[in-house]
Amino acid sequence: MSTSVSAAETAVYLAQLPAGLQAKAMAYTQGGHWLLLWSWLVTLAICWVIVRSAVLTRLGRRLNARRLRPGLTAFATVTVFFLARWSLSLPWSSYAEWGREGAYGLSQQAYGDWLGQSVVNAVISGLFSGLFFLGVYALVRKARRWWPLWAGALAGLFSAAALIAAPVILLPFFNHYAPAPDGPVRRAVAELAQSTSMPAQIVIYDGSRQSSRFTASVSGLGATAQIAMSDAMFQKGASLAEVRAVVGHEIGHYKHAHLVLLTAMLTVLFTLGFWLIDRLYPRAAHWMGLAQTTIADPAGFPVVTALAASLTLLATPLINTVQRTIEMDADTFSLNEVRDPEALISALLKSADYRAASPSALEEALFYDHPSIAHRIDNALAWKRLHASAGVTPKGRPVRR
Ligand SMILES: [Zn+2]
């Protein structure tokens with residue numbers, strides 16, 4: 001992919017990373033690949049336990065006896081399942097999402113704080129999923145053979161609503177977002193937003209509450225669009241040039257409608273997934289000991305979840321590949337707008353503690369949702385070589401007043 005010249009040049013940058021940090025990042029990243037497998041097995045085991053306990057079947061029977069509307073039965077069953085799943089997986093998620101992060105020095109969050117946020121997350125996703133599957137089960141009953149198509153469309157609607165509402169309704173549950181205080185960071189970011197005619201709010205959030213990762217993100221759409229920098233960036237000494245490079249990358253995501261693209265792709269995958277779940281349900285239900293149900297029965301929701309988790313695991317390399325393509329495009333947008341490859345590279349190096357910088361090609365293809373830092377540095381250096389002769393200088397760097 002890269003010529004030997006640029007590979008050697010990239011290696012010079014990567015050599016700046018302390019060996020200890022690289023070894024730790026490698027262990028963290030590769031362990032993370034295994035987590036995908038273990039998490040899948042944990043989900044299967046929990047779904048099986050919930051089926052065996054027959055708690056949902058009994059709940060359904062009781063609700064039906066009270067002649068509750070089928071939609072409400074579906075809502076109640078799915079929500080109860082989500083809460084049960086959350087409780088049963090708590091030992092595992094405490095390790096995977098909290099203990100492990102702390103062990104690698106990537107989080108200082110107290111367990112109580114993590115647990116509180118996990119409860120909030122479980123309640124929100126339980127209610128949201130309950131509503132969604134209320135719709136899906138109605139479609140299974142009414143649209144029969146064509147339900148996967150309709151359910152895919154409903155998933156698209158819910159995803160779009162979540163995309164638009166997230167910065168306003170969802171994210172404030174977990175972090176505090178505020179405009180950058182008046183000063184050089186705010187001015188640099190405002191200039192960049194203006195020169196790229198980016199409508200989004202650009203804010204800083206207390207990301208260090210959960211994680212020390214050097215990171216920023218984009219969320220929302222139109223009026224709710226928001227670019228958020230974690231305060232961990234500043235704790236790691238982000239320079240103004242690095243802020244510009246990183247925010248330029250996030251603006252790229254927005255300008256090139258990457259979130260919309262991902263939502264559209266997920267809608268197609270959801271439709272395909274529902275169709276496969278419809279096909280595979282009878283056999284999976286038989287294996288899990290629920291042979292007497294059809295897919296229209298919400299008591300079979302653990303079977304649906306087990307199938308969905310399996311299909312998601314299989315689709316991960318495909319989703320990752322689309323995401324890597326998008327991420328590289330956002331890097332190139334930043335390079336074209338901010339014109340500061342050195343700043344982008346130094347920002348990338350600051351994320352090397354949680355993403356091993358130079359994985360094998362297979363590992364990157366299967367598991368990386370961002371291109372490896374090595375590939376991203378390659379890309380920045382290629383851009384630099386292409387533009388060096390034209391005398392391009394970084395935007396915002398020239399001395400003013
Ligand atoms: Zn990105």
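Keep in mind the model is a prediction, meaning the values are calculated, not measured. Note that ligands are numbered from 1 as they come in the structure, with each ligand's atoms numbered from 1 the same way.
- Each of Phe301, Trp86, Phe133 was checked for a ring pair (Phe, Tyr, Trp, His ring centres under 6.0 Å) with Phe81, and the lone residue meeting it is Phe301.
- Neither side chain, His370 nor Gln323, offers a donor N or O lying under 3.5 Å from an acceptor on the other.
- If you look at the Zn ion (ligand 1), the protein N, O or S atoms less than 2.8 Å from it are His249 NE2, His253 NE2, Glu327 OE1.
- In this structure the side chain of Pro341 never reaches within 4.5 angstrom of the side chain of Leu381, judged on heavy atoms.
- No side-chain N or O of Gln109 forms a donor-acceptor pair with one of Glu101 less than 3.5 Å apart.
- The minimum heavy-atom distance linking Asp340 with Ala241 is given by the pair OD2-CB, 3.6 Å.
- At least one side-chain heavy atom of Arg85 sits under 4.5 Å from a side-chain heavy atom of Thr43.
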